[in-house]
Amino acid sequence: MNHNSMLDPATIRQQFPLFSHYPRLAYLDNAATTQKPKSVIDAITNFYEKGNANIHRGVYELAVRATHQYEGVRGKVAALINAPKPETIVYTAGTTAGINLVAQSFLEPNLQAGDEVVISFMEHHANLIPWQMACKEKGAKLRVIPMSKDGVLDMKAYKEMLSPRTRMLALVHVSNTLGTVNPIEEMIALAHRRDIPVLVDGAQSIAHFPIDVQALDVDFFAFSGHKMFGPTGVGILYGKEEHLAAMPPWQFGGDMIRDVAFEETTFAEAPQRFEAGTTPIAGVIGLGAAVGFLQALDNNEIQQHLKKLGRAAREKLARIDGLRIIGNAENSTATVSFVLEGVHPHDVATFLAEDQVAVRAGHHCTQPIMDFFEIAGTTRASFSIYNEMWEVEQLAESLENIRRFFLA
Ligand code: PMP
């Protein structure tokens, strides 16, 4: 880790080739996906140009090297999140796949009618529907932790919700819509007092905060490569060793077996047991480079920079007449959702795009949040480490112009 220099977004930006093609673009859609540094792009290109082979099966040099590179990334990811062993790292297709795996392989086989699963009001659909489906299948009940109008979870209601019937807590670390940072440490500890296992959806936190799965004592932690400067199509599920060892396979096919006959099949140990078929090998290798990229940065500096951007964006936007920020948690990250009175969120995004500001509009895969605030959608600006103050200003100025245009 480099402690010698302050985080300089302009220097970081130079590592991202996309910005050399779009120098004036304020890319503020990082909650959807981040841009990729050259090191990640090079790792993928080099693999296809100089190292491509399928893994685990070949004995020739290319195949051995590809396997070595691919398996080596497990250790790198383990180090990033302080997982105890590389074997606790399962390669998935992304956060969504990791959560579905836990819902179907860990929870569902032991779920019974009358049991309860607790989620929060601010879950992404990816951390809502898999649990809802498992509950429907087994006659169990989905309980939802309520939140305030500021977008903060009601801890009293949460504590009261936990019961001997609770089988699982599934919780988002950082809300992709509200920017709220949930007190997961405290919430995990409360669940564990009742021996309730916890999955944390880390899709939005992995690129913003240092994650220590052992300090958190979290049972499962899921995230996506593409939101942490890595490629799409690959993600990580961390699981405690004893859980993974007890979980049945999720998908069946090549590379996840020990022995196969027509009468009977035995399966490989975790994590291979959960990685059926040819996985995104180049993606995993690219993800390894993204881990290296993140680890070369100073975590405190990342947080200070994002805090500065988030605070400035919230302050500037709050000054715009008729603009309402959706989600005002004290502890929030650099993601700001808002509605502009009298203008559809999609129109806001379209006008912003004309001023070279890339944001997202809609329900952000969190429809219950929209229902709660009685709105159709929001426009969302989400920042990353390569964003600079001029982008906050470009966003605010453009919004002022939109407001004037619509009021005129
Ligand atoms: N959870 C959260 C909080 C997210 O922001 C996202 C992506 N928007 C997901 C889950 C799903 O991630 P993916 O689409 O990469 O599987």
Side-chain angles (χ1 to χ4, degrees), residues 31-33 90 92-147 151 153 158 161 165-178 180 182 184 187 191 196-206 218-227 232-239 243 247-251 274 327 335 337 360 362-373 375-378 380:
T33 200
V90 182
T92 66
T95 312
T96 305
I99 297 170
N100 275 276
L101 166 57
V102 176
Q104 290 173 34
S105 169
F106 176 75
L107 178 73
E108 217 179 300
N110 301 312
L111 196 65
Q112 291 175 3
D115 284 347
E116 295 181 353
V117 175
V118 173
I119 64 167
S120 88
F121 212 107
M122 61 179 79
E123 297 310 322
H124 187 282
H125 296 163
N127 201 30
L128 186 169
I129 308 167
W131 311 110
Q132 183 182 54
M133 297 307 285
C135 287
K136 280 216 159 91
E137 185 73 25
K138 295 297 178 94
K141 191 169 174 203
L142 192 68
R143 307 270 325 255
V144 183
I145 309 164
M147 66 177 181
L153 293 181
Y158 166 60
M161 203 172 271
R165 304 247 60 169
T166 315
R167 291 286 162 267
M168 186 91 205
L169 166 68
L171 183 66
V172 70
H173 189 180
V174 174
S175 164
N176 61 306
T177 301
L178 306 166
T180 306
N182 286 317
I184 56 166
M187 293 177 81
I196 299 162
V198 182
L199 175 139
V200 168
D201 169 354
Q204 295 295 334
S205 59
I206 190 69
V218 69
D219 297 274
F220 298 99
F221 191 88
F223 56 97
S224 302
H226 71 97
K227 293 185 204 274
T232 51
V234 60
I236 297 296
L237 176 72
Y238 158 79
H243 293 327
M247 284 159 61
W250 182 45
Q251 290 172 331
F274 306 111
T335 292
S337 262
R360 178 148 305 217
H363 55 60
H364 315 294
C365 298
T366 53
Q367 282 188 359
I369 297 182
M370 302 303 125
D371 294 343
F372 179 76
F373 287 102
I375 50 181
T378 74
R380 179 189 70 188

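Residues take their numbers from the sequence shown, with the count starting at 1. From a predicted model like this one, the values you see are computed outputs, not experimental measurements.
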Looking only at heavy atoms, what is the nearest atom pair of [X] and [Y], with distance?
X	Y	result
T366	H363	OG1-O, 2.7 Å
H125	P368	NE2-CD, 4.0 Å
A191	L169	CB-CD2, 4.2 Å
F372	M147	CZ-O, 3.3 Å
I99	P130	CG2-CG, 4.0 Å
A203	T95	CB-OG1, 3.6 Å

Value rounded to 0.5 Å, distance of [atom1] in [X] from [atom2] in [Y]:
X	Y	atom1	atom2	value
T177	Q204	OG1	CD	8.5 Å
Q251	Q104	CD	CD	8.5 Å
L128	D201	CG	CG	11.0 Å
Y158	R143	OH	CZ	12.5 Å
T166	I196	OG1	CD1	4.0 Å
K138	N110	NZ	CG	8.0 Å

Examine the side chains of H173 and S205 and answer whether a donor and an acceptor come within less than 3.5 Å of each other.
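Yes - a donor-acceptor pair under 3.5 Å links their side chains.
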
Give the C-alpha distance, both sets of side-chain angles, the deciding distance and a yes or no for side chain to side chain contact (heavy atoms under 4.5 Å, CB included) between L171 and I184.
CA-CA 8 Å; L171 183 66; I184 56 166; 3.7 Å; yes

F274 vs S105, side chain to side chain contact (heavy atoms under 4.5 Å, CB included): CA-CA, chis, key distance, verdict
CA-CA 10 Å; F274 306 111; S105 169; 4.2 Å; yes

Determine yes or no for a side-chain-to-main-chain donor-acceptor pair under 3.5 angstrom, with [X] supplying the side chain and [Y] the backbone.
X	Y	value
D219	H243	no
D115	L111	no
R380	N176	yes
T180	N182	no
T92	G235	yes

Is it the case that more than 12 heavy atoms not belonging to M161 sit under 6.0 Å from its CE atom?
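More than 12 within 6.0 Å, yes.
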
For the pair F106 and F220, name the ring-plane relationship: parallel under 30°, tilted 30 to 60°, perpendicular over 60°.
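Correct class here is perpendicular.
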
With side-chain contact (heavy atoms from CB on, under 4.5 Å) as the test, pick out the partner of M187 among V118, V198, V200, L153.
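The passing option is L153.
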
Looking at M168, K141, R167, which hits side-chain contact (heavy atoms from CB on, under 4.5 Å) with E116?
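Testing each of M168, K141, R167 against E116, the sole residue satisfying side-chain contact (heavy atoms from CB on, under 4.5 Å) is K141.
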
Given the rule in the side chain to side chain contact (heavy atoms under 4.5 Å, CB included) test, do T378 and I369 qualify, once you have shown the distances and angles that lead to the verdict?
CA-CA 10 Å; T378 74; I369 297 182; over 6 Å; no

Pairwise side-chain contact, K136 with Q132, heavy-atom cut-off 4.5 Å (strictly under):
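Sidechains of Q132 and K136: in contact.
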
Report yes if the side chains of W131 and N100 come closer than 4.5 Å at any heavy-atom pair, otherwise no.
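W131 does not reach N100 side chain to side chain.
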
Pairing residues for H124 by the ring-ring contact (aromatic ring centres under 6.0 Å, His included) criterion, not counting sequence neighbours:
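Scan of H124 (ring-ring contact (aromatic ring centres under 6.0 Å, His included), adjacent residues dropped) gives none.
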
Might you work through the side chain to side chain contact (heavy atoms under 4.5 Å, CB included) test for S175 and F121, ending with a clear yes or no?
CA-CA 10 Å; S175 164; F121 212 107; over 6 Å; no

